[in-house]
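Heads up: the structure comes next, in structure tokens.
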Amino acid sequence: SFHSVSFSETDHPKVLITGGLGQLGVGLAKLLRKRFGKNNVILSDIRKPPSHVFHSGPFIYSDILDYKNLREIVVNNRITWLVHYSALLSAVGESNVALARAVNITGLHNILDIAAEHGLRLFVPSTIGAFGPTSPRNPTPDLCVQRPRTIYGVSKVHAELMGEYYHHRYGLDFRCLRYPGIISADSQPGGGTTDYAVQIFHDAVKTGKFECNLKPDTQLPMMYIDDCLRATLEVMEAPAEILSMRTYNINAMSFTPEELAQEVRKQLPDLQMTYEVDHIRQAIADSWPMNFDDSNARNDWGWKHDYDLPELVQTMFNFIGSESRVAQAN
Ligand SMILES: NC(=O)c1ccc[n+]([C@@H]2O[C@H](COP(=O)([O-])OP(=O)(O)OC[C@H]3O[C@@H](n4cnc5c(N)ncnc54)[C@H](O)[C@@H]3O)[C@@H](O)[C@H]2O)c1
Ligand SMILES: C[C@@H](O)[C@H](N)C(=O)O
């Protein structure tokens with residue numbers, strides 16, 4: 001029913017997306033622009049946008065470590081919703097802990113203060129990585145032990161707790177979803193443990209081979225990007241009174257590299273899969289949920305995923321296949 005709400009010109013939110021040039025931001029901007037109008041959604045990042053992104057709607061430079069710059073953007077553009085996507089993901093975070101701590105923790109403090117100061121609705125994604133080896137892994141509920149062993153996970157637990165604290169203490173309209181590993185065809189992941197589940201499609205189409213950096217039986221929760229972005233819009237539009245919590249697990253499917261390869265072979269029977277385990281990524285994956293319990297999201301605000309494994313694989317092949325046909329024709 002959220003989809004049927006229509007906004008008049010004046011009550012459209014004015015949205016700022018930080019870290020918008022990563023795997024998820026461009027797709028989210030597209031979805032939100034369709035809903036709220038092109039000029040009501042501003043993408044920002046510290047990187048230079050590719051020309052198709054630059055020409056598809058407003059883009060500005062924003063470093064979340066620069067508080068004054070953030071405040072100027074929020075004030076000058078009369079921002080009402082902030083989607084905070086900037087982060088260093090799990091694997092890159094482990095290779096640069098100081099930067100991950102600055103971006104994921106100090107940056108988040110700037111975002112919380114700006115959002116509280118200007119009465120913004122704030123979305124911050126968390127992750128399956130906010131759980132650790134002492135959490136129940138199969139399934140992992142919303143409320144349980146959270147002792148992650150990565151700087152990424154620690155920073156995301158911190159974000160969940162700080163957002164909820166600002167909500168209770170200052171009335172900040174903080175909303176948070178714990179995303180599974182997200183799979184997308186037209187954007188590249190930014191250095192996470194679940195990246196293999198995107199790379200397999202590109203390598204399979206290009207070379208017929210894939211070398212996986214996780215063990216064949218490593219089971220992790222995953223989701224197709226369209227489901228993830230729709231969930232984000234839905235929780236942002238949900239009336240506050242139906243949210244019994246401010247941080248929810250969301251899920252779609254769980255699979256292992258071996259199970260993904262089997263599904264891929266239905267499209268490409270000759271796929272050759274080999275394993276060269278990356279011990280850092282494997283240790284991270286072994287400490288994460290295998291299945292995610294998202295019953296609170298389903299009960300409270302009607303979360304429902306559209307893509308299971310077969311639809312995901314079919315959709316990825318349709319997209320990547322059509323891209324490679326266009327590339328060959330050129
Ligand atoms: N992709 C996933 O599978 C996944 C799963 C769970 C949660 N999430 C969360 O969703 C969010 C978006 O993820 P993503 O996959 O698009 O990440 P990504 O790594 O692809 O992109 C992150 C972006 O943040 C930007 N950034 C880095 N430092 C910055 C700074 N100082 N100021 C402003 N921007 C800066 C980077 O340039 C990059 O474009 C992240 O918070 C991530 O933790 C993602
Ligand atoms: C799971 C998620 O947070 C991200 N894709 C990572 O692997 O780090």
Side-chain angles (χ1 to χ4, degrees), residues 16-29 43-50 53 59-67 69-70 73 82-96 99-111 122-131 140 148 150-160 163 176-184 186-199 213-214 218 220-225 227-229 231-232 247 249-252 254 278 280-282 284-285 287-289 292:
L16 175 67
I17 304 173
T18 69
L21 295 184
Q23 186 189 4
L24 306 184
V26 173
L28 185 70
L43 261 183
S44 70
D45 208 301
I46 51 173
R47 296 194 270 151
K48 201 157 125 186
V53 173
F59 176 87
I60 46 180
Y61 171 85
S62 171
D63 181 346
I64 57 155
L65 295 174
D66 182 345
Y67 188 85
N69 166 248
L70 263 180
I73 291 168
L82 180 44
V83 177
H84 178 47
Y85 269 175
S86 310
L88 263 66
L89 302 192
S90 57
V92 288
E94 289 312 293
S95 62
N96 194 342
L99 185 62
R101 199 182 72 170
V103 174
N104 296 9
I105 298 180
T106 309
L108 174 91
H109 294 167
N110 287 341
I111 294 288
L122 173 63
F123 179 82
V124 180
S126 185
T127 162
I128 50 173
F131 297 93
T140 305
T150 59
I151 185 64
Y152 178 60
V154 169
S155 71
K156 289 294 187 177
V157 177
H158 177 76
E160 295 175 5
C176 174
L177 298 178
R178 295 192 190 103
Y179 295 161
I182 306 302
I183 299 170
S184 58
D186 59 349
S187 58
Q188 288 298 321
T193 303
T194 57
D195 292 8
Y196 90 87
V198 176
Q199 200 54 44
N213 55 21
L214 294 181
T218 311
L220 291 167
M222 301 278 184
M223 180 178 283
Y224 184 57
I225 187 167
D227 276 339
C228 164
L229 302 180
T232 305
T247 302
N249 293 350
I250 53 164
N251 197 21
S254 269
D278 172 327
I280 292 177
R281 281 183 164 84
Q282 187 66 47
I284 295 173
S287 74
W288 282 1
F292 223 25

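Every number for a ligand or one of its atoms is a count from 1 in the order of the listing. Both backbone and side-chain heavy atoms feed into the values below; hydrogens, waters and symmetry mates do not.
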With distance as the sole test, does Lys156 use its side chain to make a donor-acceptor pair with the main-chain N or O of Ile128 at under 3.5 Å?
no
Side chain, backbone, both or neither: Ile128 near ligand 2, heavy atoms under 4.0 Å:
side chain
Closest non-hydrogen atom pair, Asn251 against Met223:
C-CE, 3.5 Å
Taking Thr127 for the side chain and Arg178 for the main chain, is one N or O donor matched with an acceptor at less than 3.5 Å?
no
Between Thr193 and Ile284, is there a donor-acceptor pair closer than 3.5 Å when you use the side chain of the first and the backbone of the second?
no
Would you say Ser44's side chain and Tyr61's backbone share a donor-acceptor pair under 3.5 angstrom?
no
I need the nearest protein heavy-atom contact for atom 2 (C) of ligand 2: residue, atom name and distance, please.
Thr127 OG1, 3.6 Å
For Leu70 against Ser62, the heavy-atom pair lying closest together
CD2-OG, 3.7 Å
For ligand 2, note which part of Thr194 has a heavy atom under 4.0 Å away: side chain, backbone, both or neither.
both
Test your reading of the model: is there a side-chain donor-acceptor pair from Arg47 to the backbone of Gly20, 3.5 Å cut-off?
no
I need the single residue from Thr106, Ile105, Leu108 that forms a side-chain contact (heavy atoms from CB on, under 4.5 Å) with Ser155. Which is it?
Ile105
In order of chain and number, which residues sit within 4.0 Å of ligand 1 by heavy atom?
Gly19, Leu21, Gly22, Gln23, Leu24, Asp45, Ile46, Arg47, Ser62, Asp63, Ile64, Tyr85, Ser86, Ala87, Leu89, Val103, Pro125, Ser126, Thr127, Tyr152, Lys156, Tyr179, Pro180, Gly181, Ile182, Gly190
List the steps, then state whether side chain to side chain donor-acceptor pair (under 3.5 Å) holds for Thr247 with Glu160.
CA-CA 7 Å; Thr247 302; Glu160 295 175 5; 5.1 Å; no
Measuring from atom 7 (O) of ligand 2, which candidate in Thr193, Leu220, Val198 has the nearest non-hydrogen atom?
Thr193
Residue-level breakdown please: for Tyr152 versus ligand 2, do any non-hydrogen atoms fall below 4.0 Å on the side chain, on the backbone, on both, or on neither?
side chain
Relative to the heavy atoms of Leu89, which atoms of ligand 2 are at a distance of less than 4.0 Å?
8 (O)
Assess Trp288 for proximity to ligand 2: is some non-hydrogen atom of it under 4.0 Å away?
yes
Please list, in number order, the atoms of ligand 2 under 4.0 Å from a heavy atom of Ser90.
6 (C), 7 (O), 8 (O)
For a quick test of reading the model, state the closest non-hydrogen atom pair linking Tyr196 to Met222 and the distance between them.
CE2-CE, 3.9 Å
